Asks: 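Mind having a look at this structure? Questions to follow.
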Amino acid sequence: MIVIHNLLRSNNVPPSPHTALSADAVKTAYRRWATVYDTVFGSISSFGRRCAVAEVNRLPGKKVLEVGVGTGLALPAYNQDKRITGIDLSTDMLKRAKQRVERQNLVNVDNLLEMDAEATSFEDGYFDIAVGMFVASVVPHPDRLFAELKRVVRPGGHILFVNHFIAQKGIRYYVERIMAPASKALGWHPDFSIESLLPPEELRKARTQPVQPFGLFTLVSLAR
């Protein structure tokens with residue numbers, strides 16, 4: 001709190017947000033987090049995850065791409081009529097997702113694939129819905145992620161994100177800027193801005209909804 005107080009009183013503000021993490025940094029971070037991810041992050045991200053899946057379940061269309069599927073925490077919550085393909089860059093996280101699918105007999109999960117979300121192998125317009133949960137601030141180039149999801153989602157489909165975005169003011173803004181140098185170790189950017197993900201014309205069309213806890217995460221919905 002002393003550091004924050006001093007920042008508020010001075011112009012000694014940490015550098016502007018960076019947005020690029022290398023793929024190797026992401027893999028290393030999530031190899032480290034894989035065994036404890038559900039325990040450490042599962043509860044704090046649960047409400048945002050439930051909101052995102054509820055929105056997916058509400059939307060028309062059956063073919064769903066979950067980007068950054070991780071350990072598969074969201075997979076049991078999808079309606080049975082949704083056919084789920086999950087991708088992730090982390091072999092360790094995917095191994096746990098596959099174990100979850102087998103353990104819970106999630107027959108509507110079609111594929112869990114190790115794949116770069118910025119350059120997938122899917123055909124144009126293959127999916128009805130794409131959803132990225134807590135992944136936008138992880139990928140090396142968020143703008144490329146969004147462009148790739150636009151490519152693989154059919155016209156008339158939907159793209160959703162639930163993610164942490166940097167606050168615009170207040171104590172949380174300063175805390176997130178202070179945490180920014182730890183991005184590589186964390187595997188995500190505390191100082192990630194929504195403008196890094198969406199171009200201005202898409203941001204104007206997007207529907208945003210703050211979610212718990214404390215509005216820390218935001219659900220972003222766009223019609224394709």
Side-chain angles (χ1 to χ4, degrees), residues 20-53 55-57 62-80 82-123 126-142 144-149 151-153 159-164 183-189 192 197 217:
L21 283 174
S22 71
D24 287 343
V26 172
K27 287 183 177 182
T28 299
Y30 282 90
R31 185 178 303 119
R32 184 169 57 248
W33 287 117
T35 57
V36 297
Y37 185 88
D38 291 5
T39 301
V40 175
F41 295 108
S43 58
I44 194 170
S45 64
S46 62
F47 194 83
R49 193 167 56 249
R50 289 199 303 270
C51 286
V53 174
E55 184 68 6
V56 170
N57 288 338
K62 293 185 177 181
K63 297 174 72 172
V64 177
L65 172 65
E66 184 179 331
V67 182
V69 67
T71 63
L73 281 169
L75 294 176
Y78 289 106
N79 287 348
Q80 286 298 300
K82 302 295 187 186
R83 307 303 308 182
I84 312 301
T85 295
I87 64 172
D88 204 284
L89 199 59
S90 170
T91 305
D92 301 86
M93 302 285 266
L94 280 171
K95 180 181 178 180
R96 294 176 185 279
K98 290 173 182 177
Q99 291 170 345
R100 188 186 305 275
V101 168
E102 293 176 4
R103 187 170 61 248
Q104 300 189 29
N105 192 30
L106 303 177
V107 296
N108 63 326
V109 178
D110 290 336
N111 287 293
L112 292 172
L113 305 170
E114 185 175 341
M115 194 177 293
D116 183 351
E118 296 179 9
T120 73
S121 58
F122 303 117
E123 299 175 3
Y126 186 78
F127 295 99
D128 299 307
I129 304 165
V131 56
M133 302 188 202
F134 314 107
V135 70
S137 51
V138 171
V139 296
H141 308 97
R144 296 183 195 175
L145 168 66
F146 179 67
E148 182 66 358
L149 297 192
R151 185 185 70 79
V152 303
V153 172
I159 299 172
L160 309 174
F161 295 98
V162 63
N163 212 85
H164 167 80
S183 295
K184 186 175 180 180
L186 291 169
W188 59 281
H189 281 284
F192 182 72
L197 174 66
F217 304 117

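These numbers were taken from a predicted model, which means no experiment stands behind them.
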Asks: What distance do Thr91 atom OG1 and Glu114 atom CD have between them, rounded to the nearest 0.5 Å?
Replies: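 One finds 3.0 Å between OG1 of Thr91 and CD of Glu114.
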Asks: Run the ring-centre check on Phe47 versus Phe217 and record whether the distance is less than 6.0 Å.
Replies: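 Here the rings of Phe217 and Phe47 have centres that are no less than 6.0 Å from each other.
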Asks: Using side-chain hydrogen bond (donor to acceptor under 3.5 Å, both in side chains) as the criterion, list what pairs up with Asp110, not counting sequence neighbours.
Replies: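 Listed in chain order: Arg83.
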Asks: I want to check something: taking the side chain as every heavy atom from C-beta on, are Lys63 and Thr85 in contact at a cut-off of under 4.5 Å?
Replies: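 A side-chain contact under 4.5 Å is absent here.
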Asks: Looking only at heavy atoms, which two atoms of Val135 and Gly68 are closest? And how far apart?
Replies: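 So the minimum-distance heavy-atom pair works out to CG2-CA, 4.0 Å.
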Asks: Are any of the side-chain heavy atoms of Leu112 and Leu75 separated by less than 4.5 Å?
Replies: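 Side chain of Leu112 against side chain of Leu75, heavy atoms only: contact under 4.5 Å found.
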Asks: Do Tyr78 and Val109 come close enough that some side-chain heavy atom pair is under 4.5 Å?
Replies: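 Sidechains of Val109 and Tyr78: no contact.
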Asks: Measure across Asn163 and Ser137 and return the closest heavy-atom pair with its distance rounded to 0.1 Å.
Replies: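 Scanning both residues, the minimum pair turns out to be ND2-OG, 3.1 Å.
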Asks: Is a side-chain N or O of Asp128 found less than 3.5 angstrom from the main chain of Lys82, in a donor-acceptor match?
Replies: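 Here the side-chain-to-backbone pair does not exist.
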Asks: Would you check if Arg49 and Val162 make a side-chain contact, meaning some heavy-atom pair closer than 4.5 Å?
Replies: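 No; the side chains remain at least 4.5 Å from each other.
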Asks: For the CG atom of Leu89 and the CG atom of Leu94, what is their distance to the nearest 0.5 Å?
Replies: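 Output value for this atom pair is 9.0 Å.
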Asks: Under the criterion side chain to side chain contact (heavy atoms under 4.5 Å, CB included), which of Lys98, Arg96, Gln99 is the partner of Thr71?
Replies: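 Single pass found, and it is Arg96.
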Asks: What closest approach, in Å, do Ala74 and Val53 show between heavy atoms, and which atom pair accounts for it?
Replies: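 Closest heavy-atom pair between Ala74 and Val53: CB-CG2, 3.9 Å.
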Asks: Which heavy atom of Val131 sits nearest a heavy atom of Ala52, and at what distance?
Replies: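 Here Val131 and Ala52 meet closest at CG2-CB, 4.2 Å.
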Asks: Taking C-beta and beyond as the side chain, do Glu66 and Asp88 meet within less than 4.5 Å on heavy atoms?
Replies: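 Not in contact.
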Asks: I need the Glu123 CD to Arg151 CZ distance, nearest 0.5 Å.
Replies: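 Reported to 0.5 Å precision, the distance equals 9.0 Å.
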Asks: Begin from the C-alpha positions of Leu65 and Leu149 and carry the test side-chain contact (heavy atoms from CB on, under 4.5 Å) through to its verdict.
Replies: CA-CA 9 Å; Leu65 172 65; Leu149 297 192; 4.1 Å; yes
Asks: Looking at every non-hydrogen atom in both residues, tell me the closest pair between Gly72 and Ala97 and how far apart they are.
Replies: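 Shortest heavy-atom separation between Gly72 and Ala97 comes out as N-CB, 3.8 Å.
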Asks: Is there a donor-acceptor pair under 3.5 Å between the side chain of Asn108 and the backbone N or O of Ile84?
Replies: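 No, Asn108 side chain to Ile84 backbone: no donor-acceptor pair under 3.5 Å.
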Asks: Is there a donor-acceptor contact under 3.5 Å from the side chain of Glu118 to the main chain of Val139?
Replies: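 Absent.
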Asks: Look at the rings of Phe122 and Phe127 and say which category their plane angle falls in: under 30° parallel, 30 to 60° tilted, over 60° perpendicular.
Replies: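 Ring orientation, 0 to 90° scale: perpendicular.
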Asks: Of all the heavy-atom pairs spanning Ala130 and Val153, show the shortest one and how long it is.
Replies: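 The answer is CB-CG2, 3.5 Å.
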Asks: Are Phe161 and Leu145 side-chain neighbours, meaning at least one heavy-atom pair lies under 4.5 Å?
Replies: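 In contact.
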